[in-house]
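The figures here come from the full heavy-atom set of this structure, side chains too, leaving out hydrogens, waters and symmetry mates. Proteins come first, then strands; the chains are lettered A, B, ... in the order of their sequence lines, and each starts at number 1. Given the structure is predicted, the values throughout are model-derived calculations rather than measurements.
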Amino acid sequence: MVNKYTPKDFKSDQEVRWCPGCGDHAVLNSVQKALVELGIPKEQFTFISGIGCSSRFPYYMDTYGFHSIHGRASAIASGVKTANPELSVWQITGDGDALAIGGNHFIHAIRRNIDINIILFNNEIYGLTKGQYSPTSTKGLVTKTSPFGTVEEPFSVGELVIGAKGKFFARTIDTNLALSTQIYIEAAKHKGTSVIEVLQNCVIFNDGIHDTIADKEVRDDRTLILKHGQPMIFGKGNDKGLILDGLKLKVVKLGENSITEKNLLVHDALEANPGIQYMLANMKYPEYPVALGVIRSVPGPTYERSVEEQISEIQKTAKIKCMDDLLMSGSVWEVE
Amino acid sequence: MVNKYTPKDFKSDQEVRWCPGCGDHAVLNSVQKALVELGIPKEQFTFISGIGCSSRFPYYMDTYGFHSIHGRASAIASGVKTANPELSVWQITGDGDALAIGGNHFIHAIRRNIDINIILFNNEIYGLTKGQYSPTSTKGLVTKTSPFGTVEEPFSVGELVIGAKGKFFARTIDTNLALSTQIYIEAAKHKGTSVIEVLQNCVIFNDGIHDTIADKEVRDDRTLILKHGQPMIFGKGNDKGLILDGLKLKVVKLGENSITEKNLLVHDALEANPGIQYMLANMKYPEYPVALGVIRSVPGPTYERSVEEQISEIQKTAKIKCMDDLLMSGSVWEVE
Amino acid sequence: MSKKSGVIEREEVVIRFSGDSGDGMQLTGTLFSDTAALFGNDLSTFPDYPAEIRAPQGTVGGVSGFQVHLGHSEINTPGDYSDVLVAMNPAAIKANAKWIKTGGTIIYDEGNFTEKNIEKAGYEKDPIKEEKLDSYNIIAAPISSMVKEALKDFGLDPKSVLRTKNMFALGMVYWLFDRKLDYTEDYFEKKFKNKPGMAEANKIALRAGYYYAETIEALSPTYKILPAQIAKGTYRNICGNTATAWGFVAAAEKAGLKIFIGSYPITPATGILEELAARKDLGVISFQAEDEIAGICTSLGASFAGKLAITSTSGPGMALKSEAIGLAVMAELPIVIVNVQRGGPSTGLPTKTEQADLMQALFGRNGECPAVVIASSTPSDCFHFAFEAARIALEHMTPVLLLSDSYLANGTEPWRIPKMKDLPKINPPFADRNEIPFLPYKRDNERLARSWAVPGTPGMEHRIGGLEKTEKGTVSYVPENHELMVKLRAEKIERVVNEIPDLVVQGVDSGDILVVGWGGSYGYLITAVRELQAAGHKISLVNFNYIYPLPKNVKDVFRRFNKIVVCELNLGQFADYLRIKHQEFTYEQINKVQGIPFTINDIKDKCIKMLGDE
Amino acid sequence: MSKKSGVIEREEVVIRFSGDSGDGMQLTGTLFSDTAALFGNDLSTFPDYPAEIRAPQGTVGGVSGFQVHLGHSEINTPGDYSDVLVAMNPAAIKANAKWIKTGGTIIYDEGNFTEKNIEKAGYEKDPIKEEKLDSYNIIAAPISSMVKEALKDFGLDPKSVLRTKNMFALGMVYWLFDRKLDYTEDYFEKKFKNKPGMAEANKIALRAGYYYAETIEALSPTYKILPAQIAKGTYRNICGNTATAWGFVAAAEKAGLKIFIGSYPITPATGILEELAARKDLGVISFQAEDEIAGICTSLGASFAGKLAITSTSGPGMALKSEAIGLAVMAELPIVIVNVQRGGPSTGLPTKTEQADLMQALFGRNGECPAVVIASSTPSDCFHFAFEAARIALEHMTPVLLLSDSYLANGTEPWRIPKMKDLPKINPPFADRNEIPFLPYKRDNERLARSWAVPGTPGMEHRIGGLEKTEKGTVSYVPENHELMVKLRAEKIERVVNEIPDLVVQGVDSGDILVVGWGGSYGYLITAVRELQAAGHKISLVNFNYIYPLPKNVKDVFRRFNKIVVCELNLGQFADYLRIKHQEFTYEQINKVQGIPFTINDIKDKCIKMLGDE
Ligand SMILES: Cc1ncc(C[n+]2csc(CCOP(=O)(O)OP(=O)(O)O)c2C)c(N)n1
Ligand SMILES: Cc1ncc(C[n+]2csc(CCOP(=O)(O)OP(=O)(O)O)c2C)c(N)n1
Ligand code: SF4
Ligand code: SF4
Ligand SMILES: [Mg+2]
Ligand SMILES: [Mg+2]
């Protein structure tokens, strides 16, 4: 298939206003690259965002876009998609937008399995309001509203998504364009709510928060890129892997204790029972590598298609075909 | 210890207005019984509810009570407890109140691990508004707003709680007073957010929805009452149990295939890794028995105490001791 | 069926069915009013039930009532005082004693006037005596024992037998008003298609009551109310919530669009969502959202995607929607937000009626945030104003707030069914080809409405949002641009005035008193004003449906009366709004904040006093 | 330090620092104003920055400014036009050209006026020429190259070197105004305690600028502004948000309570939460909630539990809180809800100022839902009105809405520090022993406030909630009870009037024009009015801080002027409110909705025109 578009076709005429060095620039690029690969007519793309630095995203896309209000993007996107299932609907949101004020709409969109693609920019901070902690900030983080360190346990995005009946969850790093692009394509193809957590760097208010695992130097050893059907292998020299030890995951060195690729867990993103995916999503450095890639991708009926089917099913046999029929239905009487 | 109170001490002078036969009556009784056992002075008990049939609960308790607005009980209770950690704070809520409109406050209270006890009356319907489906209604349920059956996947309460970093989750049935009372006591003793899902019958709008498992005749065979440190045994004749089969749970018959009590899984509510508890919380009849009892109970720091400690830590060394100090701090100058 | 003596011909009569929440009074009242309507009476009904699903049996708090006002002449309210009270228990007497017309008829179920029930209702021994109702026309009917008797060989369990008591009572009332049983019998046959036993039992009880009434002949005088003189046409009974839902469906058909309703249940608005959820036959998409915010936001998304967007709620839910209404104003997307008002503030009196959310509708948002406000005034004209709300939203690209109330929502009246071909076509300003490149905030000169380019349309990709912006949609903090946009948005709403009808004065064109009402108090006000007119007073009524903008001729109407009296079920919100918009007039007020409608006498007495003050 | 020639003594002067968001203009302005304040000038400042954290470098959209108005006489606004503009790049010229006084001084960084930057700012070649500023006092300083030079052997990376440009510019300005460098040097020593190199680099740049200015002597005339004639006492600079936070802390101390603030960050209100989060030393509990609803609800819980409950937000967040404010009204719990207003509607202009949330504060709730509304009017009196809001909430058991705005929140001025012993004690009506059994809605006769029994108090167990209820707290749908409660809640708020001060007329007691303002426009209005008074006009000002209820003497004041002109940054909301409350007067209006404050001339010109119309 020859692509009809190039990434440039998705660039709007608006100046990009993120801070120089902000991870958001990279996400914008990878999304524009991914859209090219989807074979979807440009006019079908609709980007819905809430409020936050990341939520400025739709302005920079030459697609239909709605920069809405803080926290409500999941609800608006749900409405768009249910109203017109033909559209390719993308929600752009931040850790505050999706998980603080927007937490309820987020879990309900996921529960309903509405076919929207949610890109969650997780910089573990409120960027736009200049640096207050968010529901994903590490405990102890010093910010403008936690001058002595937070005392709150953060959400783990993957855990919450799966807990809300999520069927697609992936994780990527802003700077990894190739992986990100690939994931956006898979998310778009998945039918149902897809949540992609992007570990995004905010150079101004939370600089380097993902460096321990995202830094070029170390990322091969500290992250594991999952691929469906492939053994869970990672490390600079592809020398490490994951096995199951009782009910827990365990990092092993290939070659040591006569462990070979054969012994490693093979990633099954399609498995409906979330047990292992749940553990994968939750892996934290230094005990484990942080899992990237598509962690869970389970097929299931989508809300908007079920609604569509129910309506057409009912219309097949319905006696009421138009408003006049409805008006005259039930008990009516004539006055002469 | 001789109990200072009897359940009657917790009955207010208000007429109980639930429908005759409603499961809420039983919950009221078991809670009143449980409070007696706690050795807490009566004036410390504070009941916070949202709106719904179940949320009328505080009126019937002779304690401090606040019947607030729909969906906000978790937030109000969080405020009460953080403001005064000495109080014993109980949140009364329904499946609509906690999981529809109140979903966000619910997951955030849990994430913060504020020491409140949340009794969630799950009748899988909106009772007070006369019978619309709720986020826990089984797919396909015909209700006033789903005249052709719902097309939505319901939440599983336990799954959501654990996904939100929940540390205490228990399940009981309205009619099982002994079990319920026991669970309320354990919930009260647990430090941190305790969520108790009560399978409650709404005789008017969703009658018998839990009967498949809750009916006297069948409940021994279709439910499993978990006890920490005890093997997972159930059935009328204590003849069935659970084992782990690979990564999945499996029902076995004791005696068959030479399986004895020894082979069964032993319940560990204290285990921090939620793997098995997650599966237990999710068990559905007919494949499995439905799990009752305290499924998860993991200790951890509570929000309100951490706040308290941070403040007293800071006050120890703070130079500003009163408002006058604050006013005179930083750059000030004299005009003579 | 049978001959009667002592028949009294009446212009109109009010009957109230009252009993425990479990006694089926709502159904009884509905069946009675349907029968009266089919007979050709004009009528108005009002159900009145407790907020609890089942309040404690036998107590006043648990009483559920249904009032029907039927007549040969035009009927505009469910009536203040009842001619006939059917009381299924002592608590029903307690709840209604002061609302029975002197000398009226009370039918009660003797079998339920047990010591226990009498005490529960707060009486010592004899409710009739204690209420000093002895001289009324009292019919103590042994309803409970009669149904037991009638169904004794029927094989029903005792509970189900007693559930037919209401049909026995209804049978008696049918006899009293000389009505046929066939509509009611049909109803049971359909309802219990799969339980023929239940259908039969109810029919037996119904007939038993009818014959009992005939037999005792205590029920004289019986009433005869001739069919009303109403316009030719096909009629049906309709309540406000259904009429509202249908108005939207009609508008969607006329606009060639599908409806999307995103809502969260709340009393007394839920009926709109429920009716639209049932309209899958007409392609309605109903989205039961997780809360009111998601209700309006999903709808707003659907509006962006090109649907006729609706969201329905009541006061507290309205509060939650206010931020998103602001977004709709800013994004200039069409959406109708229905507020079926109930008693407030806060959770207030959820099942009661009030008109106290007017200021909230007008001003309850941050910033300069204008949106059209419309109010329905009768159960059946909810259809018309829902249609109008949708028309204005779609053609002017604006959110429209539609106010109804608990009284309209649940009340019913006969309604002459319109023909769809007689309704105007609705023409949303869809962007067309020659608008490429598409400028989202470019306006047409007449209405100042922007064009609507729906995702999926090639070449019209664009971005909208809640920040201030230029015509092109580009975010702008330029001071002058902001002021311009603020004024354009206000002016757009003001111009709606060109497409709404003038106020209609009911009565003389000038005179002593102009009664001013808005929305759902209409029935009471027009009845009171007509009675005062009949008594020779120079009094007229205007009832506002278009609240913002106000009709053009307000000033012209107001200045022709000596006194202007604004009547509303709140502390004076519309009066205050008029003070803002038409400061030049002086406004008297009649207010009531009791969770119940005005009574005709409320209005008449106060107006007469004011006439005297002249 | 050095002798100067050509010194001009001035009453007051306005200086504006302007540059890219990354140029550190906010810090520069703050350091300058602190130094001026320490010197004894009266002053007022206003920061003005883009909504983006870093808008694209070099563009007008990315310009960040900080204006300081200092004087020997009383200063009430940050000034309209600047005498001195420091422009770090061409875009800064573009953004400010029309706000420089004719003939004023412009200092700009030559090194940054590259072709690329000139083009980015939208100029062809020469910003000064293109803006026709040639005849002004233009100082093209090679700031970038000078700091490079000054720090060349310092071992700093080039980026850090360039970051000291602002200090070079500040040094120049200090020379121009003959100010000392020591406060600024101290600041850097403290700030970079652990990075002495950075401290030193900034100090070097600062001094380099100072000496450069001295050397070139182009900077004549230099200004001399003597210290202001202000009351004796200890002073500090304070911005509105900090003053608001401190007002609450002071009130808590005077009430013997702890503060609980539940809030969600939102521009421009976040500063209040941030300051209170830092006040753990004084025991403040700050709860960063998941959204605005949780913000107010956690606070309301804390109020129930006996704390001084605060929640702070801005317009859109206010919309979300409206349902819970209704609950607070119904439950009659004390809580202060702060709205730091910004440009609206919807997300609007988040960093700009406006006064358009007044109607929302008064009426933005369902039902008859009265709450006290108060507005602050200067950065420093935010302290007083926060204190007042807390006092009224606690003593009258009611929610209080406190309105501030973006201009007040970020603006600073010197403030004479009060002594805590001079502030009144606050006495919440805690229930006492002889109120057992405790009736939650029993009221005291004077204020109609209910008593406060806090969980944990033995024997006072009780229930409150959002449904209508009796004095005992029992839910009640009785019509007359509802009306009674509605009226009692309204009357309770009305009675607050007895405990607030009368309006103060600034100027003659009667005359031609009464300028009416409210809240944050005060500084501009008083300056304009004083200037008109000085020119001999019979004009006075009243500025409202107590909005609901209004002070007692409004009528008495209003009737003594020929014309009343209501000036506000919206389309006329306070004017409309006055039309409701005092319909007997005619109100002229001066309005501006541009996201920026009035200018003195706006007001003066319009007033003069009205005087002419007389
Ligand atoms: C109703 C409302 N509440 C609060 C805000 C202020 N606000 C805007 S964005 C934001 C959080 C931004 O954080 P996040 O979603 O993580 O996005 P980021 O800026 O980090 O990309 C907040 C609190 C708002 N605009 N509206
Ligand atoms: C803001 C708001 N929205 C909606 C409602 C209407 N409402 C009251 S209770 C309820 C749901 C009740 O369901 P649930 O929480 O499951 O409680 P139950 O009655 O089943 O015990 C709804 C939708 C309300 N009172 N307030
Ligand atoms: S503040 Fe942080 S998240 Fe926002 S644009 Fe700048 S770097 Fe990005
Ligand atoms: S409606 Fe259902 S939940 Fe509500 S009181 Fe009745 S039985 Fe209980
Ligand atoms: Mg973020
Ligand atoms: Mg429920």
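In this structure, the portion of Asp13(B) lying under 4.5 Å from any heavy atom of chain D is its side chain and not its backbone. Contact of Leu333(D) with chain B is made through the side chain alone, with heavy-atom distances under 4.5 Å. For a residue to count as touching a neighbouring chain, one of its non-hydrogen atoms must lie under 4.5 Å from one of that chain's; by this rule Thr474(D) touches chain B with backbone and side chain alike. Of the two parts of Leu326(B), the backbone and the side chain both hold a non-hydrogen atom closer than 4.5 Å to a non-hydrogen atom of chain D. When heavy atoms are compared at a cutoff of 4.5 Å, Ile417(D) approaches chain B solely by way of its side chain, counted from C-beta outward. If you measure heavy-atom distances from Lys472(D) to chain B, the contacts under 4.5 Å come from the side chain alone. Both the backbone and the side chain of Met328(B) come within contact range of chain D, judged by heavy atoms closer than 4.5 Å. At a 4.5 Å heavy-atom cutoff, the contact between Ile69(B) and chain D is made by backbone and side-chain atoms alike. Residue contact with chain D, scored on non-hydrogen atoms closer than 4.5 Å, involves the side chain of Gln14(B) exclusively. Contact of Ser55(B) with chain D is not made at all, since no heavy-atom distance falls under 4.5 Å. Residue contact with chain D, scored on non-hydrogen atoms closer than 4.5 Å, is absent for Ser49(B). In this structure, the portion of Ile114(B) lying under 4.5 Å from any heavy atom of chain D is its side chain and not its backbone. No part of Lys319(B) comes within reach of chain D, as not one of its non-hydrogen atoms sits under 4.5 angstrom from that chain. Neither the backbone nor the side chain of Phe45(B) comes within contact range of chain D, judged by heavy atoms closer than 4.5 Å.
Leu327(D) is listed as a side-chain neighbour of Ser68(B), based on a closest heavy-atom distance under 4.5 Å. Side-chain contact between Glu290(D) and Arg112(B) is present, with heavy atoms from C-beta onward closer than 4.5 Å. Between Thr298(D) and Thr82(B) there is no side-chain heavy-atom pair separated by less than 4.5 Å. Between Val332(B) and Trp415(D) the shortest side-chain heavy-atom distance does not fall below 4.5 Å. Counting only heavy atoms from C-beta outward, the side chains of Thr46(B) and Phe304(D) approach each other to under 4.5 Å. Residues Met460(D) and Glu43(B) fail the side-chain proximity criterion, which asks for heavy atoms closer than 4.5 Å. No side-chain heavy atom of Phe260(D) sits less than 4.5 Å from a side-chain heavy atom of Val80(B). Using a 4.5 Å heavy-atom cutoff, the side chains of His105(B) and Ile293(D) are in contact.
Of the residues considered (Ser12(B), Pro58(B), Ala318(B), Ser312(B)), Pro58(B) shows the highest number of contacts with chain D, using heavy-atom pairs under 4.5 Å. Of the listed residues (Thr317(B), Asn84(B), Asp62(B)), the greatest number of heavy-atom pairs within a distance under 4.5 Å of chain D belongs to Asp62(B). Of the listed residues Asp186(D), Asp291(D), Asp34(D), the one with more heavy-atom pairs under 4.5 angstrom with chain B than any other is Asp291(D). For the set Gly459(D), Gly466(D), Ala302(D), Gly456(D), the count of heavy-atom pairs under 4.5 angstrom toward chain B peaks at Gly456(D). Your options are Lys421(D), Glu323(D), Lys254(D), and the one with the most heavy-atom pairs under 4.5 Å with chain B is Glu323(D). Taking His462(D), Glu461(D), Met330(D) one by one and counting their heavy-atom pairs under 4.5 Å with chain B, the maximum is reached by Glu461(D). Contact count versus chain D (heavy atoms, under 4.5 Å) is highest, among Arg111(B), Gln315(B), Lys81(B), for Gln315(B). Here Pro418(D) is the residue among Ser299(D), Ala331(D), Gly262(D), Pro418(D) with the most heavy-atom pairs under 4.5 Å with chain B.
Listed for the Arg72(B) side chain is no donor-acceptor partner under 3.5 Å among the backbone atoms of Ala294(D). Remark: side-chain polar atoms of Tyr64(B) are paired, donor with acceptor, to backbone N or O of Thr457(D) under 3.5 angstrom. Side chain of Trp333(B) to main chain of Ala37(D): a donor-acceptor pair is present (N/O by atom type, distance under 3.5 Å, no hydrogens or angles). The closest donor-acceptor contact from the side chain of Glu253(D) to the backbone of Met323(B) lies under 3.5 Å. Under a 3.5 Å cut-off, the side chain of Asp324(B) and the backbone N or O of Met420(D) do form a donor-acceptor pair. Under a 3.5 Å cut-off, the side chain of Arg463(D) and the backbone N or O of Thr63(B) do form a donor-acceptor pair.
Between atom OG1 of residue Thr234(D) and atom CG of residue Leu327(B) there is a gap of 10.5 Å, rounded to the nearest 0.5 Å. Atoms CD1 and OH, from Ile464(D) and Tyr59(B) in turn, are 9.5 Å apart once rounded to the nearest 0.5 Å. A distance of 7.5 Å separates OG in Ser286(D) from CD1 in Ile311(B), rounded to the nearest 0.5 Å. The CD atom of Gln288(D) sits 10.5 Å away from the NE2 atom of His108(B) when rounded to the nearest 0.5 Å.
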Audit row: Leu467(D), Arg56(B), side-chain contact (heavy atoms from CB on, under 4.5 Å) steps and yes/no: CA-CA 11 Å; Leu467(D) 289 165; Arg56(B) 292 292 180 99; 3.8 Å; yes

Ser331(B) and Asn237(D): CA distance, side-chain angles, deciding distance, side-chain contact (heavy atoms from CB on, under 4.5 Å) verdict: CA-CA 8 Å; Ser331(B) 4; Asn237(D) 268 341; over 6 Å; no

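Annotation for Lys321(B): atom NZ counts as buried by contact number, over 12 foreign heavy atoms lying within 6.0 Å. Atom NZ of Lys232(D) has 12 or fewer heavy atoms from other residues, nucleotides or ligands within 6.0 Å.
Of all residues in residues 275-285 of chain D, those placing a non-hydrogen atom less than 4.5 angstrom from a non-hydrogen atom of chain B are Arg279(D), Lys280(D), Asp281(D), Leu282(D), Gly283(D), Val284(D), Ile285(D).
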